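Structure record follows, encoded as structure tokens.
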Number of protein chains: 2
Amino acid sequence: MEEVQTHRPDRRRERTRQLLRDALTALIIEKGYDAISIQDITDRANVARPTFYLHFRDKDELLFSSVRDIYEDLAQRHYQMEWTPEAILSAETVDDSDFQHIAENAEFYKVMLSKRGSITFLLQVLDYLTEVTMKDIISLMVPEGSQSRLPPGFIASFLAGAEIGVVRWWLANDMPHSPQEMALIMHHLCTRGLAWAVDMPVPPSDFRVES
Amino acid sequence: MEEVQTHRPDRRRERTRQLLRDALTALIIEKGYDAISIQDITDRANVARPTFYLHFRDKDELLFSSVRDIYEDLAQRHYQMEWTPEAILSAETVDDSDFQHIAENAEFYKVMLSKRGSITFLLQVLDYLTEVTMKDIISLMVPEGSQSRLPPGFIASFLAGAEIGVVRWWLANDMPHSPQEMALIMHHLCTRGLAWAVDMPVPPSDFRVES
DNA sequence: CATTTAATTTACAGTGTGTCTTATAATGGG
DNA sequence: CCCATTATAAGACACACTGTAAATTAAATG
């Protein structure tokens with residue numbers, strides 16, 4: 001017996017929800033995610049504590065209600081382009097929207113991808129990146145009917161993890177490069193690997209894993 | 001005025017600490033890290049709750065007291081070998097101790113690197129991997145007096161993140177490959193990059209970032 | 001066996017959670 | 001503009017967990 005609550009439009013509702021969202025993001029930057037109590041959020045938002053539970057089950061639900069549209073927007077921006085194998089591997093068409101977005105919300109990510117952040121959030125981002133990368137890998141292989149040497153899921157997880165690592169380095173070092181530069185560096189390292197990065201040759205290998 | 005407590009050896013002490021450590025790891029696998037209370041731990045260990053605080057400040061301190069020696073052991077195993085630039089880039093001398101260790105503690109890592117885990121732990125592992133990788137990168141460049149195209153910290157963060165991503169994939173897919181295979185696959189992908197992985201050529205590039 | 005130290009037991013104050021009730025205020029529809 | 005509806009406020013409650021304290025009991029060491 002699922003009782004689905006349908007809400008007629010009401011300014012008070014959206015206003016309160018927005019106040020709570022804003023309070024949360026401000027508090028995250030100030031004191032870290034874990035240290036925030038529901039009381040903190042409602043105090044900051046000038047809302048009674050029981051009101052919180054009229055809108056969100058817990059802190060995580062509030063957090064994800066804040067970021068969901070951001071990732072929809074990012075994915076949409078990414079897929080505005082028609083990705084072909086050539087475009088993905090070419091340095092001319094590198095997509096820097098991820099790094100752009102991180103730069104615009106640097107304070108937020110600096111906290112949320114640190115010990116003061118939330119593992120749920122970090123893994124959500126990682127899964128998002130894996131999924132997007134996965135689609136790119138697929139579009140890289142399917143049109144050719146070609147087989148990659150490694151399982152696509154493996155490669156996507158590899159690249160997504162690498163991106164998180166690099167973003168953390170970027171933020172920890174106060175963003176010494178522009179988003180465009182970062183995307184380009186990342187692209188070179190991803191496509192060409194460590195041997196290129198340290199400018200040393202490795203022998204060719206026909207190593208292959210059946211997926 | 002630092003009051004350093006010096007403990008003469010006493011079986012009761014080490015016994016209690018070990019009981020608490022064992023209780024924690026068992027509980028982590030059962031219900032996830034976050035859901036565990038101090039009470040849970042002491043109940044499982046058959047120890048009074050105030051006793052916990054005679055040994056550890058909080059849950060995190062207990063956790064890290066459990067894993068510290070593991071990582072010392074791993075690092076020591078890794079550095080038993082004299083790493084030269086050739087050895088690091090060669091597929092003959094791949095070090096699989098990390099994957100071996102993960103496989104031996106698969107249940108534990110499956111939880112701790114998931115939403116039911118702990119961000120502090122995940123980042124601790126990430127930082128450990130970054131540090132170890134960093135030393136490898138350095139040993140790759142210094143003896144030659146050569147310069148890498150990218151800042152070593154960048155590369156190390158990239159590879160460490162990639163390793164976490166891959167380990168998560170490996171665990172999520174119930175370890176379809178042996179630790180040795182995983183280390184080998186990882187090695188190929190790290191050194192040769194995406195172009196190799198999907199078996200498509202990219203033009204050479206003399207792109208370089210001054211560190 | 002005696003001394004030292006660890007652990008137990010009980011208790012307490014503090015903090016946060018999730019829910020409930022009653023009263024008040026704002027909103028959108030007619 | 002008024003009214004029925006719905007959101008919010010205010011206060012209170014039971015519950016769980018934390019960190020610490022005091023007095024007592026138990027165990028290990030030499």
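All values derive from a computational prediction rather than experimental measurement. So you know, we letter chains A, B, ... as the sequences are listed, proteins then strands, and number each from 1.
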Nucleotide [N], atom [atom2] - distance to [atom1] of [X] in whole Å:
X: B:Arg49; N: C:dT9; atom1: CZ; atom2: P; value: 13 Å
X: B:Gln39; N: C:dT9; atom1: CD; atom2: C1'; value: 13 Å
X: B:Phe52; N: C:dT8; atom1: CZ; atom2: P; value: 14 Å
X: B:His55; N: C:dT8; atom1: NE2; atom2: C1'; value: 12 Å

Across the strands shown, which category fits [X] at heavy-atom distances under 4.0 angstrom: base, sugar-phosphate, nothing?
X: A:Leu54; value: base
X: A:Asp40; value: nothing
X: B:Ser37; value: sugar-phosphate

Subject >> Axis deviation across the helix from C:dC1-D:dG30 to C:dG30-D:dC1, five-pair ends, to the nearest 10° >> reply: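 Between the axes fitted at each end of the helix from C:dC1-D:dG30 to C:dG30-D:dC1 lies an angle of 40°.
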Original post:
Between A:Lys59 and A:Asp40, does at least one N-O distance fall below 4.0 Å, as a salt bridge requires?
Top reply: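 Salt bridge flag = no for A:Asp40 with A:Lys59.
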Original post:
Is B:Arg116 salt-bridged to B:Glu30, going by a charged N under 4.0 Å from an acidic O?
Top reply: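 B:Glu30 and B:Arg116: not salt-bridged.
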Subject >> Side-chain touch A:Asp60/A:Phe121, heavy atoms, less than 4.5 angstrom >> reply: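 Counting from C-beta outward, A:Asp60 and A:Phe121 never come under 4.5 Å.
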Subject >> More than 12 heavy atoms from other groups under 6.0 Å of CZ on B:Arg77 >> reply: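 Counting neighbours around CZ of B:Arg77, more than 12 heavy atoms of other residues, nucleotides or ligands fall under 6.0 Å, so yes.
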Original post:
From C:dT10, D:dT18, C:dG16, pick the nucleotide closest to the side chain of B:Pro50?
Top reply: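 The nucleotide sitting nearest to the side chain is C:dT10.
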Original post:
Is the ring centre of A:His101 less than 6.0 Å from the ring centre of A:Tyr109?
Top reply: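 A:His101 vs A:Tyr109: aromatic centres under 6.0 Å.
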Hey, what are the protein-to-nucleotides 27-29 of chain C N/O distances that come in under 3.5 Å?
from: C:dG28; atom 1: OP1; to: A:Arg11; atom 2: N; distance (Å): 3.4

